[in-house]
Amino acid sequence: MTKEQCDLLRAADAIYLEELRAAGVYDKIGQAFVVLLPVRSVGVMGDCRTWEQVACLRAVTTTDFMTADFYRMDYDLIARISSRITNEVRGINRVTYDVTSKPPGTIEWE
């Protein structure tokens, strides 16, 4: 991770948490964060092609953190978060949403 990638991640995560709070769902989620994937994606911004980072949103519900299920987030909220991140965070041109439960996945990404 570079300083630039850490800055991108912090900016995207701030938008994500702000939108979760504004939607009134933050307290329904056990853990939520953005992951910056180690790949780049082709995109289009304006009339130009871009080759930028991919962000993945992670949100889970859990009672014990030994098991967890992905949070079934409203599609309009995901779309709003994605739009804000891709428009406000220069360097991210694609946003995904992780729908993996624990197990088989983990809550965090390692």
Side-chain angles (χ1 to χ4, degrees):
M1 290 288 294
T2 65
K3 180 188 180 308
E4 179 185 77
Q5 289 172 316
C6 289
D7 291 343
L8 292 176
L9 187 56
R10 280 189 286 271
D13 198 65
I15 289 168
Y16 186 31
L17 298 182
E18 178 183 315
E19 288 293 336
L20 292 177
R21 287 183 177 103
V25 299
Y26 181 81
D27 291 330
K28 297 177 183 177
I29 298 169
Q31 191 167 12
F33 53 89
V34 176
V35 176
L36 198 59
L37 299 182
V39 297
R40 291 193 179 259
S41 173
V42 174
V44 177
M45 300 188 117
D47 292 332
C48 300
R49 289 174 70 86
T50 60
W51 180 248
E52 303 290 354
Q53 298 284 160
V54 178
C56 182
L57 308 177
R58 180 76 165 139
V60 299
T61 57
T62 183
T63 56
D64 58 7
F65 287 89
M66 296 301 293
T67 61
D69 195 15
F70 69 92
Y71 179 69
R72 281 154 174 81
M73 194 175 304
D74 179 76
Y75 289 148
D76 291 334
L77 178 55
I78 294 172
R80 187 167 53 251
I81 294 165
S82 174
S83 180
R84 281 199 60 199
I85 290 172
T86 56
N87 286 313
E88 296 176 30
V89 183
R90 291 192 87 100
I92 296 176
N93 70 356
R94 186 173 306 265
V95 176
T96 65
Y97 187 64
D98 183 355
V99 296
T100 309
S101 295
K102 175 186 179 184
T106 59
I107 294 172
E108 61 285 328
W109 283 48
E110 296 179 40

* Asked: Can you list the residues that meet the side chain to side chain donor-acceptor pair (under 3.5 Å) rule with Asn93, with sequence neighbours excluded?
  -> Thr50
* Identify, with sequence neighbours excluded, every residue that meets side chain to side chain donor-acceptor pair (under 3.5 Å) alongside Ser41. => Arg94
Please check if [X] and [Y] belong to a single hydrophobic cluster, counting links between Ile, Leu, Val, Met, Phe, Trp and Tyr side chain heavy atoms closer than 4.5 Å.
X     : Y     : answer
Leu37 : Leu8  : no
Val95 : Met45 : no
Ile85 : Tyr97 : yes
Leu17 : Ile81 : yes

Donor-acceptor list for residues 20-30 side chains, cut-off 3.5 Å, not counting sequence neighbours:
{"residue": "Arg21", "atom": "NH2", "partner": "Tyr26", "partner atom": "OH", "Å": "3.3"}

* **Which residues share a side-chain contact (heavy atoms from CB on, under 4.5 Å) with Thr2, sequence neighbours left out** => Glu4, Gln5
My understanding is that only residues two or more places apart in sequence, or in another chain, count here; which of them pass salt bridge (charged side-chain N to carboxylate O under 4.0 Å, His left out) with [X]?
X     : result
Arg72 : Asp69
Arg84 : Glu18, Glu19, Glu88
Asp7  : Lys3, Arg10

* To do: Would you mind reporting whether Gln53 and Ile92 have side-chain heavy atoms less than 4.5 Å apart?
  => yes
* Sidechain-backbone polar pair: Thr61 side chain, Tyr71 backbone, donor-acceptor under 3.5 Å -> no
* Hey, which of Asp13, Val35, Val34, Thr96 is the one that makes side-chain contact (heavy atoms from CB on, under 4.5 Å) with Leu57? -> Val34
* To do: Check which hydrophobic residues are tied to Trp51 through side-chain heavy-atom contacts below 4.5 Å, counting indirect links as well, and list them.
  => Val42
* Met1, CE: over 12 other non-hydrogen atoms inside 6.0 angstrom -> yes
* **Residues, nucleotides or ligands: over 12 heavy atoms within 6.0 Å of Arg90 CZ** => no
Out of curiosity, [X] [atom1] to [Y] [atom2], how far, rounded to the nearest 0.5 Å?
X     : Y     : atom1 : atom2 : answer
Ser83 : Ile15 : OG    : CD1   : 10.0 Å
Tyr16 : Ser82 : OH    : OG    : 12.0 Å
Thr86 : Glu52 : OG1   : CD    : 11.0 Å

* Pairs meeting criterion salt bridge (Lys or Arg N to Asp or Glu O under 4.0 Å) with involvement of residues 42-51, two or more places apart -> none
* Structure fact -> Scanning both residues in full, the closest heavy-atom pair of Val89 with Ala12 reads CG2-N, 4.0 Å
Residues 102-110, side-chain donor-acceptor partners within the protein, below 3.5 Å, at least two apart:
{"residue": "Lys102", "atom": "NZ", "partner": "Phe65", "partner atom": "O", "Å": "2.9"}
{"residue": "Thr106", "atom": "OG1", "partner": "Glu108", "partner atom": "O", "Å": "2.4"}
{"residue": "Trp109", "atom": "NE1", "partner": "Asp98", "partner atom": "OD2", "Å": "3.1"}

